[in-house]
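Read through the structure below, which is laid out as structure tokens, and then see the notes.
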There are 2 protein chains.
Amino acid sequence: MDSSDLRIFRIVAREGSITQAAARLGFVQSNVTARIKRLESELGTTLFFRHNRGMKLTSTGKILLSYADRIVGLLEEATQALSATLEPIGPLMIGSSQTIASIHLPKLFTSFYKQYPGVILSVTTGDTQTLIKKVLDYDLDGAFISHLCVHPDLQSIPCFNDELVIVAAEGNFDIEEITTRPILVLDMNCIYKEIMEQWMRDKTQTRPHFIVMGTVEAIIGGVEAGLGISLLPKIIIKKNENSRKMHIFALDSLNYNLTTEFIIRRDSFVSSTLSAFLDYIKCVLEIDNSPAIPKNQG
Amino acid sequence: MDSSDLRIFRIVAREGSITQAAARLGFVQSNVTARIKRLESELGTTLFFRHNRGMKLTSTGKILLSYADRIVGLLEEATQALSATLEPIGPLMIGSSQTIASIHLPKLFTSFYKQYPGVILSVTTGDTQTLIKKVLDYDLDGAFISHLCVHPDLQSIPCFNDELVIVAAEGNFDIEEITTRPILVLDMNCIYKEIMEQWMRDKTQTRPHFIVMGTVEAIIGGVEAGLGISLLPKIIIKKNENSRKMHIFALDSLNYNLTTEFIIRRDSFVSSTLSAFLDYIKCVLEIDNSPAIPKNQG
DNA sequence: CCGTTGATATCATTATTTATGATATGAACT
DNA sequence: AGTTCATATCATAAATAATGATATCAACGG
């Protein structure tokens with residue numbers, strides 16, 4: 001039994017006539033007759049009494065009519081409910097730390113854009129405080145930040161979990177030695193600087209010397225050239241491991257992993273583009289967190 | 001949007017994979033892909049995020065899934081509910097007065113039998129009291145009687161409404177004269193005798209003389225031969241008006257019309273054959289009572 | 001008695017829709 | 001680079017639905 005059968009059945013039941021129903025449906029009479037007969041034989045019951053003035057529902061038919069009404073009603077309601085949700089079109093302003101922008105966003109944005117080609121994406125990089133302010137000021141729809149954010153007007157979705165490693169120039173294998181080197185950071189507010197500061201405090205008595213490099217690429221270049229050491233997501237190094245001349249030290253502290261979360265305003269109107277983006281990142285995260293490919297149901 | 005689309009959609013949503021869903025449905029993967037894509041384009045929304053491990057519902061898709069579950073559930077429930085109602089097969093014992101049996105039952109039984117060829121119909125004629133007793137004794141499933149029946153164990157459905165007329169031999173046009181004639185009746189308990197008795201009491205002072213003829217055809221023959229007068233449903237006379245040599249007098253009393261009702265036991269199990277028959281006569285009555293062929297809805 | 005009307009049923013044919021099979025594409029993992 | 005495991009595409013085959021012509025059947029009217 002199919003909903004198209006029920007649609008036809010309903011009209012026949014209401015019109016009390018196959019001919020009338022066919023006219024109403026824009027079908028030929030024989031087709032409607034055949035559909036009704038097929039429905040009856042499929043269900044193994046008589047749905048109509050045939051008489052020379054048309055068709056009249058049997059009690060079985062009346063039962064089916066009540067189901068048919070509910071089913072067709074739900075189908076229409078569903079169509080209504082879904083056609084209301086329009087495909088997202090328009091700008092979507094996302095903020096991000098530089099590291100996240102270079103590690104995670106290219107892939108994420110590529111697949112998101114493939115799904116929603118009408119969305120005009122733009123990424124603004126900056127330090128955590130700047131990004132939070134822009135989100136609060138409605139300059140950004142949302143931002144990826146690596147601090148835990150507890151602002152009352154913001155809500156956050158944990159997104160990425162990156163292993164952080166200390167990197168040093170090739171040949172610098174002595175962890176004690178490298179702690180004396182300057183530390184290359186993006187800016188004076190970045191989370192990597194804070195973590196390094198904390199770590200150095202625990203490890204050594206000396207106050208670390210920071211050099212602000214401005215971009216991730218500049219930091220990597222500086223490390224390779226032996227200017228200093230730095231703290232970076234492991235994945236950034238692994239990506240082009242072969243072409244890089246760096247040594248990796250595992251960071252043996254509690255801040256070994258860095259969680260990045262996506263923040264949005266708690267109150268504001270959620271645009272269709274942002275809504276789609278939120279959906280999308282939630283979906284991607286579920287996939288990435290899923291333990292393995294579930295093999296089941298033979 | 002069709003229920004078959006929803007059935008496929010549901011499996012894909014649950015399996016999280018078109019390939020798996022196709023396997024489960026016994027379809028080829030490309031078909032499922034096409035159906036889902038068509039559904040999406042028909043609704044104008046994206047129902048799934050595609051990723052390299054399969055498909056994941058969007059929030060729009062989740063909404064549709066909840067509708068799909070309800071719709072498919074109702075379809076299954078309907079199938080269940082209807083397949084339980086078996087086609088009636090077996091004997092159906094009906095009682096009837098002779099007049100009703102000859103006027104109404106041939107047509108009624110013909111069309112009923114056409115609808116339910118598995119039902120083995122049988123008619124028992126008799127007077128009202130005998131029929132009532134047989135129904136109460138479970139010897140008959142039901143009976144057409146022309147008395148108002150108020151027995152506590154019986155319920156009744158009004159069925160036919162027949163105009164009664166007094167008939168006399170051709171040439172007997174004087175109403176005063178014919179009241180002196182004997183009255184031909186089926187039996188001493190029949191309703192026609194009672195009505196005539198009442199009418200004669202109002203009309204004349206003389207006590208009427210009744211002759212029991214046993215069958216309707218015998219009465220008609222007796223009237224034609226000038227043996228006496230009788231009271232019969234007008235339709236019986238009209239049926240073969242041309243071939244009969246009788247005169248019709250309208251009965252000018254309150255019993256002008258005779259109502260026939262179908263009685264059944266109130267309590268007993270209603271067999272599928274009886275249930276179908278009840279349904280059927282209710283339907284036929286609605287048709288006959290309907291004022292005209294309803295013309296509507298352009 | 002016979003033809004007309006107004007309904008459903010049947011059936012061969014056509015049109016449309018659905019399913020298939022082969023192949024392309026694409027991302028992740030090795 | 002190659003393998004694996006997904007979805008997407010496309011020409012074609014198979015199944016299903018719609019059509020048009022015709023049959024049937026009961027009621028009605030002349």
Side-chain angles (χ1 to χ4, degrees), chain A residues 1-5 7-9 12-13 15-23 25-42 46-56 106-108 110-115 235 238-239 242 284 287-288 290 292-295, chain B residues 1-5 7-8 12 15-23 25-42 46-56 106-115 235 238-243 284 287-288 290 292-295:
Chain A
M1 184 169 41
D2 203 349
S3 59
S4 71
D5 298 319
R7 281 181 226 271
I8 292 172
F9 166 76
V12 174
E15 294 285 333
S17 152
I18 283 188
T19 309
Q20 303 270 102
L25 289 159
F27 287 155
V28 101
Q29 168 262 324
S30 61
N31 184 34
V32 178
T33 298
R35 296 290 297 260
I36 294 293
K37 296 218 80 169
R38 197 190 56 159
L39 184 58
E40 286 185 323
S41 86
E42 187 187 324
T46 308
L47 296 169
F48 293 97
F49 293 119
R50 271 79 167 170
H51 56 83
N52 68 322
R53 282 205 225 156
M55 317 271 283
K56 201 123 206 343
K107 199 169 70 174
L108 188 69
T110 303
S111 52
F112 178 76
Y113 178 76
K114 212 183 286 171
Q115 202 76 247
I235 198 167
K238 284 201 79 176
K239 230 174 197 175
N242 301 344
V284 167
I287 297 161
D288 286 353
S290 63
I293 303 154
K295 296 277 183 196
Chain B
M1 184 169 41
D2 202 349
S3 59
S4 70
D5 298 318
R7 281 182 225 271
I8 293 172
V12 174
E15 294 284 334
S17 152
I18 282 188
T19 308
Q20 303 270 101
L25 289 159
F27 287 155
V28 101
Q29 168 262 323
S30 62
N31 184 35
V32 178
T33 298
R35 296 291 297 260
I36 293 294
K37 294 217 81 168
R38 197 190 56 159
L39 185 58
E40 286 185 322
S41 86
E42 187 187 323
T46 308
L47 297 169
F48 292 97
F49 293 118
R50 272 77 166 169
H51 54 85
N52 68 321
R53 283 204 222 159
M55 317 270 285
K56 201 122 211 324
K107 199 170 72 175
L108 189 68
F109 279 22
T110 304
S111 53
F112 179 76
Y113 178 76
K114 211 184 286 169
Q115 203 75 246
I235 197 167
K238 284 202 77 174
K239 227 174 197 173
N240 28 26
E241 214 166 9
N242 301 342
S243 61
V284 167
I287 296 161
D288 286 352
S290 63
I293 302 154
K295 297 276 181 197

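Every chain is numbered from 1, with letters handed out A, B, ... down the list of sequences.
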Closest nucleotide of DNA chain D for Asp5(A) versus for Ala34(B): which of these residues is on the 5' side? Ala34(B)
Full working for side chain to side chain contact (heavy atoms under 4.5 Å, CB included) between Leu39(B) and Arg35(B): CA-CA 6 Å; Leu39(B) 185 58; Arg35(B) 296 291 297 260; over 6 Å; no
Interatomic distance, Leu108(B) CG vs dA27(D) P [rounded to whole Å]: 12 Å
The residue, Gly54(B) or Arg35(A), whose nearest nucleotide of DNA chain D is more 5′ is Gly54(B)
Ignoring the backbone of Arg50(A), work out which of dT7(D), dA9(C), dA18(D) is nearest its side chain. dA9(C)
Of the nucleotides dT18(C), dA8(D), dA18(D), which one has an atom closest to the side chain of Ile18(B)? dA8(D)
Options dT8(C), dA17(D), dA28(C), nucleotide nearest the side-chain atoms of Lys107(A): dA28(C)
Roughly, in whole Å, what's the span from CE in Met55(B) to C1' in dC5(D)? 14 Å
Has Arg50(B) got a side-chain atom pairing as donor or acceptor with Phe48(B)'s backbone, closer than 3.5 angstrom? yes
With the side chain of Lys114(B) defined as its heavy atoms from C-beta on, choose the nearest nucleotide among dG26(C), dT8(C), dC25(D). dC25(D)
Can you figure out which of dA19(C), dT9(D), dT10(C) approaches the side chain of Lys37(B) most closely? dT9(D)
Heavy atoms under 4.0 Å, any strand shown: does Gly16(A) hit a base, just sugar-phosphate, or nothing? nothing
Sugar-phosphate only, base, or nothing, as touched by Ser17(A) at under 4.0 Å among non-hydrogen atoms: sugar-phosphate
Whole-Å gap separating C1' (dA15(D)) and CZ (Phe27(B)): 11 Å
Looking at the side chain of Thr19(A), which of dA19(C), dA7(C), dA9(C) is the nearest nucleotide? dA7(C)
Please report the C-alpha distance between Met55(A) and Leu47(A) in whole Å, then the side-chain angles of each, then the deciding distance to 0.1 Å, and finally whether the side chain to side chain contact (heavy atoms under 4.5 Å, CB included) criterion is met. CA-CA 9 Å; Met55(A) 317 271 283; Leu47(A) 296 169; over 6 Å; no
Glu15(A) side chain to Gly54(A) main-chain N or O, any donor-acceptor pair under 3.5 Å? no
In whole angstroms, the gap separating P of dT17(C) from CG of Asp2(A) amounts to 14 Å
Does Gln29(A) use its side chain to pair, donor to acceptor, with the backbone of Thr19(A) at less than 3.5 Å? no
Of all the choices, dT20(C), dG20(D), dA8(D), which nucleotide is nearest to the side chain of Ser30(A) once you look at every atom? dG20(D)
